[in-house]
Amino acid sequence: MPSDHDKMGKPASSGLNAWRTIVIFLVDVSLAALSFPLTLFLRLGDDGFLNALPLVGLSTLAFTAVAALVIWRSNLHRIPWRYVSVDDALLLARTAVFINLGFLVVMFLTSRLSGVPRSSVLIDTIVLTALFVGARLAARLWHENQLGLIKGGLANENIVPVILVGATDESDAFIRKMARDPRAPYRVLGIVTTNNNPVGTRIRGVKVLGSVDDLPHITSEYRSILKGLIVADAGLRGDPIRDLLDFTREQGLRLDRLPEMSRLTKASSTEIDIRPIDVEDLLSRPQASLDRALISGKSVLVTGAGGSIGSELVRQIASFSPRHIALFDNSEFNLYEIDRQVCEAYPSLSRSAIVGNVREADLVERVFAAEMPEIVFHAAALKHVPLLESQPSQAILTNVMGTRNIADAAIRHNVTSMVMISTDKATHPVSVMGGSKRIAETYCQMLDVESRKRNHTRFVTVRFGNVLGSAGSVIPLFQKQLQRGGPLTVTHPDMTRYIMTIREAVELVLQATTLRDELLDKGGAIVVLDMGKPVKIIDMARQMIKLAGLTPDQDIEIKITGLRPGERLYEDLFNTSEEILPTSHKELMAAIAVSRDGDEAKGQINQLVEAAQRGDDETVIRLMHDILPDFRTVDEAEAEDRETVYVE
């Protein structure tokens with residue numbers, strides 16, 4: 001029976017490695033032995049070479065002996081031929097230089113270089129380097145099946161011929177991985193550029209065929225074999241992706257996207273997670289550049305850490321190397337999940353996971369005393385609009401009293417900054433949820449004005465619209481409905497929302513905390529994220545059906561179900577009473593509200609919280625009207641929406 005070990009107890013693979021080393025050594029010595037007579041032939045010409053044959057023979061023997069010694073000492077066998085790189089080529093060139101210098105010394109000491117042209121040393125350095133590199137490059141090309149102008153494998157029905165969109169580092173890495181594996185699932189036919197890369201240039205032998213605008217002509221040339229396009233430009237999102245999706249659907253082609261560069265370089269060719277284009281690609285914008293100094297080395301507390309916004313906050317904050325991060329959430333399971341993710345991704349990061357409710361003031365005080373955070377991100381909230389309409393006291397207890405508990409603790413413990421996550425439903429609120437968040441905004445605004453006068457805690461309230469994929473959002477609902485075969489339910493054909501991805505929303509939240517604009521330093525401003533263009537929910541439903549490769553209203557029905565309690569057709573990012581001003585960041589705006597009497601407002605909020613603690617919903621609604629002059633009933637809001645002419 002074959003054994004993995006030889007008689008001496010050593011692995012059989014060690015014997016193979018020894019033979020490999022010997023073979024590579026002999027090949028390199030043979031190349032050196034070939035290089036010197038070739039050099040003399042190039043230097044002396046036909047007649048001179050034939051007349052100097054005795055000298056050629058002796059000097060070649062001496063050259064080969066020196067080369068064997070240098071090659072053995074240089075460990076050239078450690079360079080993997082199938083992965084030869086530019087750095088390896090430089091090492092081979094240095095080896096050739098040392099061989100020729102060694103030969104020069106030997107010949108000078110033995111014969112004072114009699115009969116050997118001095119220039120042969122320079123020529124041989126070039127020739128020998130070419131032979132060393134050429135042999136390894138040929139082996140690599142053979143292994144990668146790239147010898148020959150027409151590559152094999154397209155006849156294999158399991159190989160997918162594709163065109164890459166974007167002449168990027170991701171394209172380079174992907175082509176390299178596909179070339180190295182004879183069982184690679186994709187064959188790259190060409191590249192279309194999304195920038196100014198000149199047509200006709202090549203990336204690892206693959207030609208840049210043209211720009212994205214040339215795709216109709218390019219795809220027609222490859223129509224008989226082309227199966228799809230793969231987006232290799234990480235910054236290509238939004239409208240360009242939507243145009244590509246429409247184009248590929250018309251042409252009957254697939255449209256996929258490469259993973260991030262870090263994941264692409266680590267994966268084997270059969271493990272590359274090439275994913276279909278999804279709805280996030282149609283909406284999200286290029287990643288923002290953030291100041292790591294904001295978080296690095298700081299102690300951070302995140303409330304609602306297990307929620308959709310909170311968990312993304314935790315992931316991004318953890319990547320900035322904080323000194324410590326405390327995760328605070330009321331859901332044991334959600335807290336466990338995000339704590340596990342942080343542990344796996346950042347095992348050396350100091351962290352704590354605390355199960356608890358922001359409604360409990362005593363617990364909040366103990367958490368702040370134990371964790372001593374320098375920055376607090378307050379994402380804990382109840383957010384489901386229809387559910388909270390019948391339970392206004394519950395909305396107040398979490399969204400108002402919970403925020404008050406966190407904000408008051410932040411002041412007592414000299415927290416540098418507290419960031420409160422708000423919502424566009426807080427503007428002209430027509431729902432209990434929106435009204436409760438507007439009151440929470442008001443409380444933080446008042447504290448911000450008071451605290452900044454004493455150069456204490458900065459309160460940054462960040463307001464934005466719907467986030468894609470958050471708990472209770474429409475996208476997960478559409479996905480489940482698609483899996484069931486439809487229909488997709490939309491409450492109203494004109495229902496319109498501002499939407500961004502969770503990732504970019506959190507990036508801009510973090511960016512908002514870095515702002516040191518003069519208008520913000522006065523206190524009381526609300527930072528509002530630029531949400532881009534509002535999107536009709538029914539259009540999003542149609543896009544998701546198309547992404548699934550189906551046809552709206554034919555394969556999948558879209559059903560109108562009617563507005564739910566507390567819903568309105570359109571959302572605003574600003575109240576009419578707020579002054580809208582730009583900030584130093586182009587995607588962040590400031591809403592400056594009319595100042596209010598702090599003591600009076602705090603007194604009203606205290607009464608509101610006391611009514612909610614008693615479960616007196618009727619008093620809660622009345623006090624919300626007193627605190628918020630623009631708080632309207634659902635019926636009043638619907639009447640206004642019907643009179644509104646919406647302009648995109």
Side-chain angles (χ1 to χ4, degrees), residues 234-235 237-238 260 280 283-305 307-323 325 373-379 381 410 415-424 426-427 437 441 444-445 448 452 457-470 498-533 573-574 578 580-592:
R237 297 180 182 276
E260 297 174 0
E280 286 198 14
L283 293 172
S284 60
R285 292 167 282 191
Q287 189 165 359
S289 176
L290 300 176
D291 181 6
R292 299 184 67 89
L294 165 72
I295 302 295
S296 181
K298 305 287 178 52
S299 178
V300 183
L301 169 68
V302 181
T303 72
S308 50
I309 296 294
S311 60
E312 180 63 19
L313 269 169
V314 169
R315 283 186 285 268
Q316 292 195 29
I317 290 169
S319 71
F320 284 9
S321 304
R323 175 170 55 82
I325 184 168
E374 297 168 78
I375 304 174
V376 174
F377 291 90
H378 179 48
V415 169
T416 303
S417 297
M418 173 182 160
V419 182
M420 191 201 103
I421 309 299
S422 190
T423 170
D424 59 355
T427 62
K437 293 296 285 185
E441 285 184 353
C444 288
Q445 284 177 289
D448 191 37
R452 290 193 193 228
T457 304
R458 296 174 65 250
F459 288 87
V460 181
T461 300
V462 183
R463 183 192 293 164
F464 53 88
N466 294 45
V467 288
L468 203 63
S470 64
Y498 289 96
I499 296 179
M500 64 168 44
T501 66
I502 293 177
R503 173 190 59 79
E504 62 183 337
V506 168
E507 285 173 356
L508 291 175
V509 167
L510 293 174
Q511 195 78 59
T513 64
T514 68
L515 292 177
R516 293 295 185 270
D517 293 17
E518 184 177 349
L519 64 93
L520 296 178
D521 289 339
K522 296 177 181 178
I526 295 176
V527 179
V528 183
L529 308 190
D530 178 4
M531 299 291 296
K533 295 180 179 180
L573 292 170
F574 300 94
E578 294 172 335
I580 306 167
L581 297 173
T583 70
S584 57
H585 192 285
K586 64 179 181 179
E587 294 189 90
L588 301 174
M589 295 166 286
I592 310 298

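This chain uses plain numbering: 1 for the first residue, then up along the sequence.
Annotation: side chain of P322 is not in contact with side chain of K298 (no heavy-atom distance under 4.5 Å). Looking at heavy atoms from C-beta onward, L510 lies in side-chain contact with L313 at the 4.5 angstrom threshold.
Across all non-hydrogen atoms, the minimal contact from G310 to V302 is O-CG1, 4.0 Å. For V314 against A305, the heavy-atom pair with the smallest separation is CG2-CB, 3.9 Å. Summarising the geometry of I309 relative to V506, their closest heavy-atom pair is O-CG2, 3.9 Å, with the distance given to 0.1 Å. Taking all atoms of both residues into account, the shortest heavy-atom contact from L301 to P373 is CB-CB, 3.8 Å.
Rounding to the nearest 0.5 angstrom, the gap separating the CD1 atom in I526 from the CD atom in E441 is 3.5 Å. The line from NZ of K437 to OG1 of T461 is 9.0 Å long, rounded to the nearest 0.5 Å. Considering CD1 of I317 and OG of S296, their distance stands at 12.5 Å, rounded to 0.5 Å.
R503 has a carboxylate O that lies under 4.0 Å from a charged side-chain N of E507, or vice versa, which qualifies the two as a salt bridge.
Partners of S311 under the side chain to side chain contact (heavy atoms under 4.5 Å, CB included) rule, at least two apart in sequence or in another chain, are R315, I338. By the side chain to side chain donor-acceptor pair (under 3.5 Å) test, S417 is found to be paired with R458, residues two or more places apart in sequence or in another chain being considered.
Considering T303, I325, T513 in turn, T513 is the only one that fulfils the side-chain contact (heavy atoms from CB on, under 4.5 Å) rule with F377.
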